[in-house]
Amino acid sequence: MKIEQIIHSTVAKALEELYRFEASDGQIQLQATRKDFEGDITLVVFPFLKHSKKRPEDTASEIGEYLQSHIDEVLRFNVVKGFLNLEISSRYWTGELKEAWSNESYGFQKASEKAELAMVEYSSPNTNKPLHLGHIRNNLLGFSISEILKVNGYQVVKTNIVNDRGIHICKSMLAWQKWGNGKTPENTGKKGDHLVGELYVAFDKHYKQEISELEAKGLSKKEAEEQAPSIQEARELLRRWEAGDSEVVELWKTMNSWVYEGFDTTYKRLGVDFDKIYYESETYLVGKEEVLRGLKEGIFYRKEDGSVWADLTGDGLDNKLLLRSDGTSVYMTQDIGTAKMRFNDFSINKMIYVVGNEQNYHFQVLAILLDKLGYDWGKGLHHFSYGMVELPSGKMKSREGTVVDADDLMEGMVQVAREMAQELGKLDSLTPEEAERTYEIIALGALKYFILKVDPKKNMLFNPEESIDFNGNTGPFIQYTYARIQSVLRKAAERELFVNESIDDFSGEVSLKEKELMKKVALFPDAVKEAGSGYSPAILANYCFELAKEFNQFYHDHSILGEKDMQKRDFRLLLSASVGKIIKRGLKLLGIEVPERM
RNA sequence: GCCCCGGUAGCUCAGCUGGAUAGAGCAACUGCCUUCUAAGCAGUAGGUCAUGGGUUCGAAUCCCGUCCGGGGUACCA
């Protein structure tokens with residue numbers, strides 16, 4: 001059992017025996033002792049003063065004595081004001097260390113056969129343009145939270161809803177017909193999603209020009225936007241698509257296939273994947289049926305113009321459009337259909353949507369609508385709402401070209417990693433292939449950590465002028481720590497020294513740094529758990545950084561292989577190897593790989 | 001207008017279910033490589049935790065007001 005639990009329950013007993021007071025869980029506050037004080041775990045005794053009717057110092061001392069005599073692991077204690085600092089025996093910490101080394105699932109809770117199933121939706125791109133930095137944040141968060149939920153005892157199904165139909169695709173299609181000149185990814189050598197994205201921008205350029213021409217003729221902005229020939233033609237394409245016009249459908253399939261090929265390349269490099277992919281073109285009709293069913297059952301209502309609405313005023317919200325007056329579906333319609341199909345396909349206990357916080361209202365409404373339609377899982381959906389990635393100039397906008405392209409960004413990062421590594425000359429012993437592989441690992445590590453270390457809920461800033469750091473609180477710093485450890489282990493193996501976990505009789509002095517590092521290792525299970533319950537890869541990212549930082553201090557102050565005392569040497573080897581293992585497993589949950597050398 | 005979220009060092013971010021003297025990294029300055037990887041370590045400097053009140057033994061953290069920024073708000077997704 002974890003020492004915190006033991007102390008917690010013993011404190012409860014102490015309070016009862018000493019003060020006849022039954023404490024609620026929240027009142028017993030245990031925290032890591034601050035570094036400036038002596039001890040490992042601290043109990044805050046202020047909440048008990050009312051019952052002890054004694055000074056804070058005396059109350060803390062009494063509880064301290066009780067704990068010391070009832071728990072073997074509590075060696076000593078000291079009292080500072082109302083803080084009871086407990087010193088835990090190093091035997092306990094070395095026990096955790098051995099566990100961290102020998103137990104491959106240390107800190108993880110394995111999913112049993114009957115574990116709850118969580119479906120995580122993420123990525124969900126439109127197929128009219130390539131992925132940008134905003135999508136990267138989405139993909140990394142979605143992938144990481146899936147991995148984190150898996151080791152918190154959930155079965156996880158990663159899913160992607162591809163928005164493959166709609167007016168936006170038709171705009172690119174129209175642009176290809178009119179100005180595409182028969183371009184294909186093959187004959188231009190361009191990545192398919194980029195080619196389609198360029199067509200989308202081309203459409204917008206023409207469209208904007210038409211609008212200003214019409215406005216010059218005296219039309220209002222709104223009228224101009226409605227009457228511009230480009231948008232009329234794009235709408236015509238959408239109508240023909242919905243009618244199943246074979247020529248349009250053929251072009252749609254072709255252009256989407258270009259985009260998918262491009263997306264696959266990006267996803268692969270980014271290291272994300274999916275267990276099940278849904279396409280809007282296959283779900284929107286299901287959604288439409290559901291809305292019509294709701295209409296028939298009197299859950300929704302129809303206006304004179306034919307549009308269908310939900311009245312949510314009873315839930316403190318407004319009226320919500322579900323079908324346009326021309327009968328076509330909207331975003332919400334599709335999401336209802338997708339949800340229904342998913343719950344038919346899987347026995348989902350928890351549905352998690354990784355979608356930006358600009359859609360908070362949408363998901364609030366979706367939950368209510370699903371509930372009204374009679375799905376008891378509707379209310380339980382979880383919107384993993386994350387903040388925007390902003391540029392110094394503000395929000396990214398695809399049409400205005402103010403986006404940081406995902407492929408460009410990754411390539412640029414690899415270039416920086418390559419230059420840096422070559423300058424340092426540390427990878428010269430590797431083959432060119434191994435070296436390239438390492439640059440890739442480091443570059444992606446830097447990018448992923450940069451994104452994931454930030455609290456998902458908050459907006460974050462990316463400045464393209466300053467490249468993402470490789471020093472300090474960064475992915476490469478943590479990876480470097482891992483590589484250092486591997487280097488020590490390789491040198492050890494050359495001397496026939498291997499990690500020896502039978503250090504039961506280790507009785508040597510443990511330095512302050514060694515103890516701090518052991519304590520940090522023992523916090524891994526808490527970080528994993530917290531990251532899961534709080535839906536926050538950032539908690540895990542920051543833990544990994546702290547662990548690496550703590551190790552580097554230890555590494556600087558202590559010789560491992562040079563240590564004369566064999567017991568100490570073995571202990572430090574075990575300590576180092578365990579830290580390496582935790583770093584590797586921790587980063588893996590963030591989708592970050594580790595290099596053996598760097 | 002109404003609703004939601006945010007404001008912590010020059011910059012990017014931790015800390016926020018109330019606890020000890022508010023922490024990292026970057027940038028600036030100073031040291032440390034004949035010893036297991038210097039993508040590292042140590043140090044200096046940098047703060048009215050936007051602001052005014054309240055709650056209490058104790059507030060960056062909880063509540064209310066104000067200012068500033070971002071997002072949403074019925075036929076875009």
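Letters go in sequence order (proteins before strands), and every chain restarts at 1. Just the heavy atoms: all of them, side chains too, but no hydrogens, waters or symmetry mates, feed the values below. Keep in mind it's a predicted model, so treat the numbers as computed, not measured.
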| query | How far, in whole Å, is U34(B) from G25(B) if one measures between their C1' atoms? | reply | 32 Å
| Could you give the CD-to-P distance, from Glu390(A) to C11(B), as a whole number of Å? | 15 Å
| Which residues within residues 540-554 of chain A lie with some heavy atom under 4.0 Å of an atom in RNA chain B? | Phe545(A), Lys549(A), Asn552(A), Gln553(A)
| query | Hey, does the side chain of Lys320(A) come within less than 4.0 Å of C75(B)'s phosphate (OP1/OP2), counting only N and O? | reply | no
| request: Find which nucleotide of RNA chain B each of Leu424(A) and His168(A) is nearest to by heavy atoms, and output the residue with the more 5' nucleotide. | output: Leu424(A)
| message | The criterion is side-chain contact (heavy atoms from CB on, under 4.5 Å); which residues satisfy it with Val291(A), sequence neighbours excluded? | response | Phe300(A), Val308(A), Leu322(A), Leu323(A), Thr333(A), Ile336(A)
| task | Between G40(B), A14(B), G19(B), spot the one nearest the side chain of Asn471(A), thanks. | result | G40(B)
| Taking CD from Gln31(A) and P from C16(B), how many angstroms apart are they, rounded to a whole number? | 11 Å
| query | Which value, in whole Å, describes the distance between the C1' atoms of nucleotides A42(B) and G72(B)? | reply | 49 Å
| request: With heavy atoms under 4.0 Å as the rule, sort Ser576(A) into base, sugar-phosphate or nothing. | output: nothing
| message | Applying a 4.0 Å non-hydrogen cut-off, can you work out what Phe83(A) is touching in the nucleic acid: base, sugar-phosphate, or nothing? | response | base
| Least distance between heavy atoms, Ile167(A) atom then Leu238(A) atom | N-CD2, 4.1 Å
| said: Quick check: Tyr19(A) with Phe48(A) (ring centres under 6.0 Å apart)? | reply: no
| request: Find out whether Leu86(A) and Thr42(A) are in side-chain contact, i.e. whether some heavy atom of one side chain is under 4.5 Å from a heavy atom of the other. | output: no
| task | Determine the Euclidean distance between corresponding C1' atoms of A27(B) and G46(B); express it in Å to zero decimal places. | result | 11 Å
| request: Check every atom of A74(B), U37(B), A14(B) against the side chain of Val488(A) and return the nucleotide holding the closest atom. | output: U37(B)
| Candidates A77(B), G71(B), A20(B) - which lies nearest the side chain of Lys395(A) | G71(B)
| query | Should Arg34(A) be listed as having a side-chain N or O under 4.0 Å from OP1 or OP2 of G19(B)? | reply | no
| request: With sequence neighbours excluded, tell me which residues meet side chain to side chain donor-acceptor pair (under 3.5 Å) with Arg597(A). | output: none
| said: Over all strands shown, is Met460(A) touching base, sugar-phosphate only, or nothing at heavy-atom distances under 4.0 angstrom? | reply: sugar-phosphate
| request: Tell me which nucleotide among G19(B), A20(B), C13(B) gets nearest to the side chain of Leu461(A). | output: C13(B)
| remark: For His168(A), the ring pair (Phe, Tyr, Trp, His ring centres under 6.0 Å) test, sequence neighbours excluded, returns none
| task | Go through RNA chain B and write down every stem, that is, every run of at least three consecutive Watson-Crick or G-U wobble pairs with distances under 3.5 Å, as range with range. | result | B:1-7 with B:67-73, B:10-13 with B:23-26, B:28-32 with B:40-44, B:50-54 with B:62-66
| Looking only at atom C1', what distance separates C32(B) and U48(B), rounded to whole Å? | 38 Å
| remark: Comparing nearest nucleotides in RNA chain B, the 5'-proximal residue of the pair Phe477(A), Gln29(A) is Gln29(A)
| task | Using a cut-off of strictly less than 4.0 Å between a heavy atom of the residue and any atom of RNA chain B, enumerate the qualifying residues of residues 127-142 of chain A by number. | result | none
| task | State which residues pass salt bridge (charged side-chain N to carboxylate O under 4.0 Å, His left out) with Arg418(A); sequence neighbours excluded, sorted by chain then number. | result | Glu436(A)
| message | Checking side-chain polar atoms at under 3.5 Å, does Glu236(A) have a donor or acceptor matched by the opposite partner on Gln232(A)? | response | no
I'd like a list of close polar pairs between nucleotides 27-34 of chain B and the protein, N/O only, cut-off under 3.5 Å.
none

| said: Could you check whether Phe551(A) and Phe554(A) have their ring centres less than 6.0 Å apart? | reply: yes
| message | Rounding to an integer number of Å, can you tell me how far Lys81(A) NZ sits from U21(B) P? | response | 5 Å
| So what does Asp335(A) hit on the nucleic acid, given a heavy-atom distance under 4.0 Å: a base, only sugar-phosphate, or nothing? | nothing
| Cationic N near anionic O, under 4.0 Å, Lys395(A) to Glu390(A) | no
| Parallel, tilted or perpendicular: which describes the rings of His382(A) and Phe384(A), with under 30° parallel and over 60° perpendicular? | perpendicular
| request: Classify the side chain of Asp311(A) versus the base of A74(B) as yes if they form a donor-acceptor pair under 3.5 Å and no if they do not. | output: no
| Where the side chain of Arg484(A) is concerned, which of U37(B), A24(B), G71(B) is the nearest nucleotide? | U37(B)
| What nucleic acid atoms does Ala421(A) come within less than 4.0 Å of, heavy atoms only: base, sugar-phosphate, or nothing? | base
| query | So, for Phe46(A) and Phe83(A), is the gap between ring centers shorter than 6.0 Å? | reply | yes
| message | Could you check whether any side-chain heavy atom of Val389(A) comes within less than 4.5 Å of a side-chain heavy atom of Met396(A), counting everything from C-beta outward? | response | yes
| Touch check for Glu466(A), heavy atoms < 4.0 angstrom, all strands: base, sugar-phosphate only, or nothing? | nothing
Dump every N/O contact between nucleotides 3-6 of chain B and the protein below 3.5 Å, one line per pair.
none

| Thinking salt bridges, do Glu550(A) and Lys35(A) make one under a 4.0 Å N-O criterion? | yes
| query | What pairs meet the salt bridge (charged side-chain N to carboxylate O under 4.0 Å, His left out) rule with one or both residues in residues 308-319 of chain A, with sequence neighbours excluded? | reply | Asp315(A)-Lys372(A)
| note | Taken in chain and number order and not counting sequence neighbours, the residues that satisfy side chain to side chain donor-acceptor pair (under 3.5 Å) with Lys208(A) are Asp204(A)
| said: Heavy atoms from C-beta onward define the side chain here; which of A20(B), G25(B), C36(B) lies closest to that of Asn473(A)? | reply: G25(B)
| In residues 321-332 of chain A, which residues come under 4.0 Å of RNA chain B by heavy atom? | Leu321(A), Arg324(A), Ser325(A), Val330(A), Tyr331(A)
| query | So among Tyr353(A), Tyr535(A), Phe363(A), which one has a ring pair (Phe, Tyr, Trp, His ring centres under 6.0 Å) with His383(A)? | reply | Phe363(A)
